[in-house]
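For reference, the structure discussed in these notes is given below.
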Amino acid sequence: MHRSLLTIEEPRLFNFWSTVNSHGWSDLAPFLIDKDRQSIEVTLRLARHRLVSVRLSAPSKRIQAELRSSALLTVADKHQVGRIVRDFLRMDEDYRPFYAMVRGHPSYRWVIGKGAGRLMRAASVFEDVVKMICTTNCNWSLTKSMTNNLVNLLGEEWKGFRAFPTPEALAGVSEKFVRAEIRAGYRSPFLIEFAQRVASHKLDVESWRKVPLTSEELSKNLRSIKGVGEYAAGNLMRLLGHYDAMAFDSWVRAEFYKKHKNGRRVSDKTITKHYAEFAEWKGLFFWVDMTEDWFKKKLPF
DNA sequence: GCGTCCAGGTCTACC
DNA sequence: GGTAGACCTGGACGC
(Lines give C-alpha, C1' and ligand atoms only; values in the text may rest on other atoms or scores of the structure.)
Protein backbone atom coordinates (compact mmCIF):
# COMPACT_ATOMS: atom_id res chain seq x y z
CA MET A 1 0.00 0.00 0.00
CA HIS A 2 1.33 3.43 -0.95
CA ARG A 3 0.62 6.43 1.22
CA SER A 4 0.96 10.10 0.37
CA LEU A 5 -0.31 13.49 1.47
CA LEU A 6 -1.99 16.31 -0.36
CA THR A 7 -2.76 19.80 0.93
CA ILE A 8 -5.63 21.77 -0.54
CA GLU A 9 -5.89 25.51 0.04
CA GLU A 10 -9.34 26.71 1.10
CA PRO A 11 -11.01 29.63 -0.67
CA ARG A 12 -12.44 32.63 1.22
CA LEU A 13 -15.75 32.13 3.07
CA PHE A 14 -15.35 28.38 3.02
CA ASN A 15 -15.95 26.06 5.94
CA PHE A 16 -15.03 22.43 5.48
CA TRP A 17 -17.51 20.92 7.95
CA SER A 18 -20.34 23.26 7.01
CA THR A 19 -19.94 22.01 3.45
CA VAL A 20 -19.61 18.35 4.41
CA ASN A 21 -22.75 18.60 6.56
CA SER A 22 -24.71 20.81 4.16
CA HIS A 23 -27.15 17.94 3.46
CA GLY A 24 -27.26 14.16 3.65
CA TRP A 25 -24.64 13.16 1.07
CA SER A 26 -21.79 12.75 3.56
CA ASP A 27 -23.94 10.12 5.30
CA LEU A 28 -24.09 7.95 2.18
CA ALA A 29 -21.51 5.43 0.91
CA PRO A 30 -18.84 5.61 -0.28
CA PHE A 31 -18.45 8.64 2.01
CA LEU A 32 -17.75 7.73 5.60
CA ILE A 33 -17.44 10.22 8.45
CA ASP A 34 -15.05 9.36 11.27
CA LYS A 35 -16.14 11.48 14.24
CA ASP A 36 -13.23 10.43 16.43
CA ARG A 37 -10.64 11.47 13.88
CA GLN A 38 -12.75 14.40 12.65
CA SER A 39 -12.36 13.31 9.08
CA ILE A 40 -14.33 12.05 6.13
CA GLU A 41 -13.16 9.24 3.91
CA VAL A 42 -14.07 8.36 0.35
CA THR A 43 -12.72 5.97 -2.26
CA LEU A 44 -12.27 7.49 -5.68
CA ARG A 45 -11.70 5.86 -9.03
CA LEU A 46 -9.08 7.73 -11.02
CA ALA A 47 -8.20 7.53 -14.70
CA ARG A 48 -6.42 4.31 -15.70
CA HIS A 49 -8.69 2.45 -13.23
CA ARG A 50 -6.67 3.39 -10.16
CA LEU A 51 -8.52 3.29 -6.87
CA VAL A 52 -7.45 5.68 -4.16
CA SER A 53 -8.76 6.05 -0.65
CA VAL A 54 -8.86 9.69 0.46
CA ARG A 55 -9.18 10.75 4.09
CA LEU A 56 -9.99 14.46 4.40
CA SER A 57 -9.63 16.64 7.46
CA ALA A 58 -9.28 20.36 8.03
CA PRO A 59 -7.03 20.93 11.03
CA SER A 60 -6.31 24.54 10.00
CA LYS A 61 -7.38 26.70 7.09
CA ARG A 62 -6.15 24.00 4.77
CA ILE A 63 -7.65 20.67 3.85
CA GLN A 64 -5.35 17.77 4.42
CA ALA A 65 -5.85 14.66 2.30
CA GLU A 66 -4.24 11.37 3.28
CA LEU A 67 -4.10 9.12 0.24
CA ARG A 68 -3.76 5.36 0.15
CA SER A 69 -3.46 3.52 -3.14
CA SER A 70 -2.37 0.22 -4.63
CA ALA A 71 0.15 1.86 -6.96
CA LEU A 72 2.46 4.80 -6.44
CA LEU A 73 0.50 7.90 -7.40
CA THR A 74 1.93 10.16 -10.09
CA VAL A 75 1.80 13.94 -9.93
CA ALA A 76 -1.07 13.75 -12.43
CA ASP A 77 -2.96 11.31 -10.19
CA LYS A 78 -2.62 13.65 -7.21
CA HIS A 79 -3.78 16.58 -9.31
CA GLN A 80 -6.80 14.55 -10.29
CA VAL A 81 -7.61 13.77 -6.64
CA GLY A 82 -7.27 17.48 -5.83
CA ARG A 83 -9.59 18.42 -8.69
CA ILE A 84 -12.23 15.89 -7.65
CA VAL A 85 -12.14 17.01 -3.99
CA ARG A 86 -12.30 20.71 -4.91
CA ASP A 87 -15.19 19.89 -7.22
CA PHE A 88 -17.36 17.94 -4.76
CA LEU A 89 -16.70 20.49 -2.01
CA ARG A 90 -17.67 23.29 -4.43
CA MET A 91 -14.42 25.14 -3.68
CA ASP A 92 -14.01 26.85 -7.04
CA GLU A 93 -17.51 28.23 -7.51
CA ASP A 94 -18.16 31.95 -7.26
CA TYR A 95 -20.49 32.58 -4.32
CA ARG A 96 -19.77 36.33 -4.08
CA PRO A 97 -23.24 37.39 -5.31
CA PHE A 98 -24.84 35.02 -2.78
CA TYR A 99 -22.81 36.34 0.16
CA ALA A 100 -23.43 39.92 -0.99
CA MET A 101 -27.19 39.22 -0.70
CA VAL A 102 -26.68 37.48 2.64
CA ARG A 103 -24.94 40.59 4.03
CA GLY A 104 -28.03 42.65 3.19
CA HIS A 105 -30.38 40.46 5.22
CA PRO A 106 -29.87 40.38 9.00
CA SER A 107 -31.72 37.06 9.41
CA TYR A 108 -29.23 35.35 7.10
CA ARG A 109 -25.97 36.87 8.38
CA TRP A 110 -25.27 33.70 10.36
CA VAL A 111 -24.54 32.07 6.98
CA ILE A 112 -21.30 34.04 6.69
CA GLY A 113 -20.16 33.19 10.21
CA LYS A 114 -20.75 29.50 9.59
CA GLY A 115 -19.35 29.48 6.06
CA ALA A 116 -22.60 27.86 4.93
CA GLY A 117 -24.06 27.78 1.42
CA ARG A 118 -21.88 25.30 -0.45
CA LEU A 119 -23.78 22.08 -1.06
CA MET A 120 -21.59 19.02 -1.12
CA ARG A 121 -21.99 16.78 -4.09
CA ALA A 122 -20.68 13.37 -5.14
CA ALA A 123 -17.55 12.69 -7.16
CA SER A 124 -19.62 12.48 -10.34
CA VAL A 125 -22.96 13.64 -11.72
CA PHE A 126 -23.82 10.00 -12.34
CA GLU A 127 -23.44 9.28 -8.62
CA ASP A 128 -25.51 12.35 -7.68
CA VAL A 129 -28.39 11.31 -9.94
CA VAL A 130 -28.42 7.68 -8.78
CA LYS A 131 -28.40 8.76 -5.14
CA MET A 132 -31.11 11.35 -5.70
CA ILE A 133 -33.39 8.71 -7.25
CA CYS A 134 -32.68 6.61 -4.15
CA THR A 135 -33.99 9.42 -1.90
CA THR A 136 -37.42 9.46 -3.54
CA ASN A 137 -40.50 8.11 -1.83
CA CYS A 138 -38.72 6.46 1.07
CA ASN A 139 -37.20 7.24 4.43
CA TRP A 140 -33.53 8.01 4.94
CA SER A 141 -32.63 4.57 6.26
CA LEU A 142 -33.80 3.00 3.01
CA THR A 143 -31.78 5.53 0.99
CA LYS A 144 -28.72 4.55 3.04
CA SER A 145 -29.45 0.89 2.55
CA MET A 146 -29.80 1.21 -1.25
CA THR A 147 -26.58 3.22 -1.64
CA ASN A 148 -24.69 0.86 0.67
CA ASN A 149 -25.85 -2.08 -1.41
CA LEU A 150 -24.85 -0.34 -4.64
CA VAL A 151 -21.34 0.34 -3.36
CA ASN A 152 -20.83 -3.02 -1.65
CA LEU A 153 -22.22 -5.17 -4.45
CA LEU A 154 -21.28 -3.23 -7.58
CA GLY A 155 -18.45 -0.87 -6.61
CA GLU A 156 -14.86 -1.65 -7.50
CA GLU A 157 -12.95 -2.91 -4.47
CA TRP A 158 -9.37 -2.73 -3.27
CA LYS A 159 -8.33 -3.88 0.24
CA GLY A 160 -11.79 -3.25 1.63
CA PHE A 161 -12.11 0.20 0.07
CA ARG A 162 -14.95 0.52 -2.39
CA ALA A 163 -15.78 3.19 -4.93
CA PHE A 164 -19.24 4.06 -6.20
CA PRO A 165 -20.23 1.79 -9.10
CA THR A 166 -19.47 2.95 -12.62
CA PRO A 167 -22.34 3.42 -15.10
CA GLU A 168 -21.10 0.29 -16.87
CA ALA A 169 -21.32 -1.80 -13.69
CA LEU A 170 -24.90 -0.74 -12.99
CA ALA A 171 -25.89 -0.98 -16.65
CA GLY A 172 -24.69 -4.58 -16.76
CA VAL A 173 -26.93 -6.09 -14.09
CA SER A 174 -30.49 -7.33 -14.35
CA GLU A 175 -33.59 -5.68 -12.94
CA LYS A 176 -34.09 -8.82 -10.87
CA PHE A 177 -30.68 -8.28 -9.24
CA VAL A 178 -31.34 -4.61 -8.47
CA ARG A 179 -34.72 -5.43 -6.96
CA ALA A 180 -33.53 -8.40 -4.93
CA GLU A 181 -30.03 -7.30 -3.89
CA ILE A 182 -29.97 -3.50 -4.03
CA ARG A 183 -33.53 -3.43 -2.66
CA ALA A 184 -34.39 -0.51 -4.92
CA GLY A 185 -37.93 -1.73 -5.64
CA TYR A 186 -39.77 0.03 -8.44
CA ARG A 187 -36.78 2.38 -8.88
CA SER A 188 -34.75 -0.55 -10.28
CA PRO A 189 -35.67 -0.21 -13.98
CA PHE A 190 -35.15 3.57 -13.73
CA LEU A 191 -31.64 3.14 -12.32
CA ILE A 192 -30.64 0.58 -14.95
CA GLU A 193 -32.07 2.60 -17.84
CA PHE A 194 -30.22 5.71 -16.62
CA ALA A 195 -26.93 3.78 -16.25
CA GLN A 196 -27.35 2.32 -19.73
CA ARG A 197 -27.92 5.75 -21.28
CA VAL A 198 -24.76 7.07 -19.57
CA ALA A 199 -22.63 3.98 -20.30
CA SER A 200 -23.60 4.05 -23.99
CA HIS A 201 -22.75 7.79 -24.17
CA LYS A 202 -26.30 8.66 -25.18
CA LEU A 203 -26.46 10.93 -22.15
CA ASP A 204 -23.36 12.94 -21.19
CA VAL A 205 -24.29 13.85 -17.62
CA GLU A 206 -20.74 14.77 -16.58
CA SER A 207 -20.77 17.68 -19.06
CA TRP A 208 -23.53 19.28 -16.97
CA ARG A 209 -20.89 20.41 -14.47
CA LYS A 210 -18.73 21.91 -17.20
CA VAL A 211 -20.90 23.28 -19.98
CA PRO A 212 -23.04 26.30 -19.07
CA LEU A 213 -26.72 25.54 -19.62
CA THR A 214 -29.77 27.63 -18.81
CA SER A 215 -31.84 26.39 -15.89
CA GLU A 216 -34.59 25.54 -18.35
CA GLU A 217 -32.28 23.38 -20.50
CA LEU A 218 -30.81 21.64 -17.48
CA SER A 219 -34.21 20.96 -15.98
CA LYS A 220 -35.39 19.47 -19.28
CA ASN A 221 -32.33 17.21 -19.43
CA LEU A 222 -32.82 16.05 -15.85
CA ARG A 223 -36.52 15.39 -16.32
CA SER A 224 -35.67 13.19 -19.30
CA ILE A 225 -34.32 10.67 -16.77
CA LYS A 226 -37.03 8.30 -15.59
CA GLY A 227 -37.34 8.47 -11.82
CA VAL A 228 -36.27 12.12 -11.71
CA GLY A 229 -39.33 14.23 -11.04
CA GLU A 230 -39.75 17.79 -9.84
CA TYR A 231 -38.22 17.23 -6.40
CA ALA A 232 -35.18 15.29 -7.62
CA ALA A 233 -34.55 17.67 -10.53
CA GLY A 234 -34.71 20.70 -8.24
CA ASN A 235 -32.18 19.25 -5.83
CA LEU A 236 -29.90 18.10 -8.64
CA MET A 237 -30.00 21.55 -10.21
CA ARG A 238 -28.63 23.08 -7.03
CA LEU A 239 -25.88 20.46 -7.04
CA LEU A 240 -25.13 21.63 -10.58
CA GLY A 241 -24.89 25.30 -9.60
CA HIS A 242 -28.40 26.41 -10.54
CA TYR A 243 -29.54 28.00 -7.31
CA ASP A 244 -32.80 29.41 -8.62
CA ALA A 245 -34.23 25.89 -8.38
CA MET A 246 -36.66 25.11 -5.59
CA ALA A 247 -37.17 21.51 -4.45
CA PHE A 248 -40.00 20.35 -2.21
CA ASP A 249 -40.31 17.21 -0.18
CA SER A 250 -42.30 16.34 2.91
CA TRP A 251 -39.43 17.20 5.28
CA VAL A 252 -38.62 20.61 3.85
CA ARG A 253 -42.28 21.60 3.63
CA ALA A 254 -42.81 20.68 7.28
CA GLU A 255 -39.75 22.75 8.24
CA PHE A 256 -41.09 25.77 6.37
CA TYR A 257 -44.56 25.48 7.95
CA LYS A 258 -42.97 25.23 11.40
CA LYS A 259 -40.51 28.09 10.96
CA HIS A 260 -42.60 30.62 9.07
CA LYS A 261 -46.29 29.70 9.38
CA ASN A 262 -46.74 28.42 12.96
CA GLY A 263 -47.28 24.94 11.58
CA ARG A 264 -49.97 26.00 9.09
CA ARG A 265 -49.74 24.34 5.68
CA VAL A 266 -49.31 26.55 2.63
CA SER A 267 -48.80 25.84 -1.05
CA ASP A 268 -45.41 25.41 -2.70
CA LYS A 269 -46.19 28.58 -4.66
CA THR A 270 -46.46 30.51 -1.40
CA ILE A 271 -43.14 29.08 -0.23
CA THR A 272 -41.52 30.08 -3.53
CA LYS A 273 -42.94 33.58 -3.19
CA HIS A 274 -41.37 33.84 0.28
CA TYR A 275 -37.89 33.62 -1.31
CA ALA A 276 -38.68 35.44 -4.57
CA GLU A 277 -36.55 38.49 -3.74
CA PHE A 278 -33.43 36.29 -3.88
CA ALA A 279 -34.09 35.65 -7.58
CA GLU A 280 -31.43 33.34 -9.04
CA TRP A 281 -30.26 32.40 -5.53
CA LYS A 282 -33.70 31.70 -4.04
CA GLY A 283 -33.25 27.91 -3.99
CA LEU A 284 -30.08 28.23 -1.95
CA PHE A 285 -31.62 30.78 0.44
CA PHE A 286 -34.52 28.37 0.92
CA TRP A 287 -32.17 25.50 1.76
CA VAL A 288 -29.92 27.40 4.19
CA ASP A 289 -33.02 28.86 5.85
CA MET A 290 -34.50 25.39 6.37
CA THR A 291 -31.24 23.97 7.74
CA GLU A 292 -30.27 26.87 10.02
CA ASP A 293 -30.86 24.72 13.11
CA TRP A 294 -28.35 22.15 11.86
CA PHE A 295 -25.61 24.76 11.99
CA LYS A 296 -26.69 26.04 15.39
CA LYS A 297 -27.20 22.66 17.06
CA LYS A 298 -25.46 19.89 15.16
CA LEU A 299 -22.22 21.32 13.86
CA PRO A 300 -19.42 20.44 14.13
CA PHE A 301 -20.61 16.82 13.83
C1' DG B 1 -46.87 -10.91 15.84
C1' DC B 2 -49.69 -8.59 12.57
C1' DG B 3 -51.77 -4.83 9.93
C1' DT B 4 -51.48 -0.11 8.59
C1' DC B 5 -49.31 4.08 7.59
C1' DC B 6 -45.96 6.85 5.51
C1' DA B 7 -41.46 8.65 4.22
C1' DG B 8 -36.54 13.94 1.70
C1' DG B 9 -41.97 11.09 -5.13
C1' DT B 10 -42.69 9.62 -9.86
C1' DC B 11 -45.06 7.63 -13.63
C1' DT B 12 -49.00 6.61 -16.35
C1' DA B 13 -53.59 6.84 -17.77
C1' DC B 14 -57.37 9.40 -17.99
C1' DC B 15 -60.20 13.53 -18.05
C1' DG C 1 -52.71 20.89 -17.16
C1' DG C 2 -54.56 18.57 -13.44
C1' DT C 3 -55.37 14.38 -10.75
C1' DA C 4 -56.11 9.52 -9.07
C1' DG C 5 -53.94 5.24 -8.45
C1' DA C 6 -50.10 2.18 -8.48
C1' DC C 7 -45.58 1.37 -7.08
C1' DC C 8 -40.99 -1.14 -3.51
C1' DT C 9 -39.21 -0.93 0.98
C1' DG C 10 -38.73 -0.89 5.91
C1' DG C 11 -39.36 1.51 10.31
C1' DA C 12 -42.83 3.27 13.50
C1' DC C 13 -46.95 2.69 15.60
C1' DG C 14 -51.27 0.74 17.44
C1' DC C 15 -53.55 -3.25 18.77
Side-chain angles (χ1 to χ4, degrees), chain A residues 20-29 31 116 119-122 127-154 170 173-197 203 216 218-240 242-243 245-261 263 265-272 275 282-295 297-298:
Chain A
V20 167
N21 290 305
S22 54
H23 62 118
W25 259 210
S26 60
D27 197 28
L28 299 178
F31 289 107
L119 305 178
M120 180 170 153
R121 55 191 181 190
E127 186 176 331
D128 276 333
V129 173
V130 169
K131 283 176 169 171
M132 199 62 76
I133 291 173
C134 291
T135 67
T136 57
N137 197 24
C138 64
N139 56 27
W140 189 246
S141 64
L142 184 55
T143 299
K144 285 182 75 166
S145 162
M146 286 186 270
T147 48
N148 265 331
N149 293 337
L150 281 165
V151 171
N152 291 330
L153 300 176
L154 295 176
L170 182 54
V173 293
S174 67
E175 183 182 326
K176 192 178 167 192
F177 175 87
V178 180
R179 283 179 182 270
E181 305 299 330
I182 308 297
R183 311 298 292 168
Y186 70 91
R187 301 166 196 80
S188 304
F190 302 156
L191 293 174
I192 294 172
E193 185 189 300
F194 170 60
Q196 286 173 343
R197 287 176 72 192
L203 194 60
E216 210 174 19
L218 183 59
S219 174
K220 199 177 159 192
N221 287 341
L222 287 164
R223 293 297 302 270
S224 79
I225 301 166
K226 271 192 191 168
V228 174
E230 213 173 328
Y231 145 86
N235 275 321
L236 285 165
M237 284 178 70
R238 293 193 294 225
L239 295 185
L240 290 161
H242 288 250
Y243 299 107
M246 301 290 283
F248 300 100
D249 55 45
S250 54
W251 178 81
V252 88
R253 287 188 183 102
E255 285 299 307
F256 183 87
Y257 305 153
K258 196 166 61 184
K259 185 165 184 176
H260 294 295
K261 300 291 173 187
R265 290 170 68 109
V266 293
S267 69
D268 293 348
K269 270 188 183 171
T270 301
I271 299 177
T272 303
Y275 299 94
K282 64 179 178 296
L284 188 54
F285 271 89
F286 177 37
W287 184 252
V288 294
D289 191 26
M290 294 301 93
T291 55
E292 183 179 358
D293 277 356
W294 295 7
F295 293 91
K297 294 175 188 168
K298 280 173 47 173

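Labels below follow one simple rule: chain letters A, B, ... track the order of the sequence lines, proteins then strands, and each chain is numbered from 1.
Residue A:R183 has a polar side-chain atom (N or O) positioned under 4.0 Å from OP1 or OP2 of C:dG10. Contact annotation: A:R179 reaches the phosphate of C:dC8 (side-chain N/O to OP1 or OP2, under 4.0 Å).
A gap of 24 Å separates the P atoms of B:dC2 and C:dC8, to the nearest Å. Only the C1' atoms considered, B:dC11 is 22 Å distant from C:dG10, to the nearest whole Å. Comparing the P positions of B:dG8 and C:dG2 gives an interatomic distance of 27 Å, to the nearest angstrom. With both ends at atom C1', the span from B:dC6 to C:dC7 equals 14 Å, rounded to whole Å.
Looking at A:W287, its side chain does come within 3.5 Å of a backbone N or O of A:S22 through a donor-acceptor pair. Looking at A:T272, its side chain does come within 3.5 Å of a backbone N or O of A:D268 through a donor-acceptor pair. Between the A:S26 side chain and the A:N21 main chain, no donor and acceptor come within less than 3.5 Å of each other. Using a distance-only test at 3.5 Å, with no hydrogens or angles considered, a donor-acceptor pair links the side chain of A:K259 to the main chain of A:D289.
Closest non-hydrogen pair, A:M120 versus A:W25, comes out as O-CD1, 4.0 Å.
For the pair A:E181 CD and C:dC8 P, the computed distance is 17 Å after rounding to whole Å. Atom-to-atom, CG of A:L236 to C1' of B:dG8 comes out at 13 Å; the value is rounded to the nearest Å. Protein atom CE of A:M146 is 11 Å distant from nucleotide atom P of B:dG9, rounded to whole Å. If you take CG of A:N149 and C1' of C:dT9, they are 12 Å apart, rounded to a whole angstrom. Between A:K144 atom NZ and C:dC8 atom P there is a gap of 25 Å when expressed in whole angstrom units. When rounded to the nearest whole Å, the span between NE2 of A:H23 and C1' of B:dG8 equals 12 Å. For A:R187 and C:dT9, the CZ to P distance is 9 Å, given to the nearest whole Å. The CE-P distance, from A:M132 to B:dG9, rounds to 12 Å in whole Å.
Counting heavy atoms from C-beta on, the side chains of A:V288 and A:F295 never come closer than 4.5 Å. At a threshold of 4.5 Å between non-hydrogen side-chain atoms, the residues A:C134 and A:L28 do not count as touching.
Under the side chain to side chain contact (heavy atoms under 4.5 Å, CB included) rule, A:V129 has a single partner from A:L239, A:L203, A:L236, A:L191, which is A:L236.
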Could you go over nucleotides 1-7 of chain B and give all protein N or O partners under 3.5 Å, atom names and distances?
| residue | atom | partner | partner atom | Å |
| --- | --- | --- | --- | --- |
| B:dA7 | N3 | A:N139 | N | 3.4 |

Give every pair of a protein N or O atom and an N or O atom of nucleotides 11-15 of chain B that lie under 3.5 Å apart, one pair per line with the distance.
| residue | atom | partner | partner atom | Å |
| --- | --- | --- | --- | --- |
| B:dC11 | OP1 | A:G227 | N | 2.7 |
| B:dT12 | OP1 | A:K226 | NZ | 3.3 |

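Less than 6.0 angstrom separates the ring centroid of A:Y275 from the ring centroid of A:F286.
For A:E255, the CD atom sits in a packed shell: over 12 heavy atoms of surrounding residues, nucleotides or ligands are nearer than 6.0 Å. Under a cut-off of 6.0 angstrom, the local environment of NZ in A:K220 is sparse, with at most 12 non-hydrogen atoms contributed by other residues, nucleotides or ligands.
The aromatic rings of A:Y186 and A:F190 sit perpendicular, their planes meeting at an angle over 60°, well past the 30° parallel limit.
Consecutive Watson-Crick or G-U pairing (both distances under 3.5 Å) extending over three or more pairs maps onto DNA chain C as B:1-7 with C:9-15, B:9-15 with C:1-7.
If you check every strand for non-hydrogen atoms under 4.0 Å, A:A232 touches sugar and phosphate atoms only.
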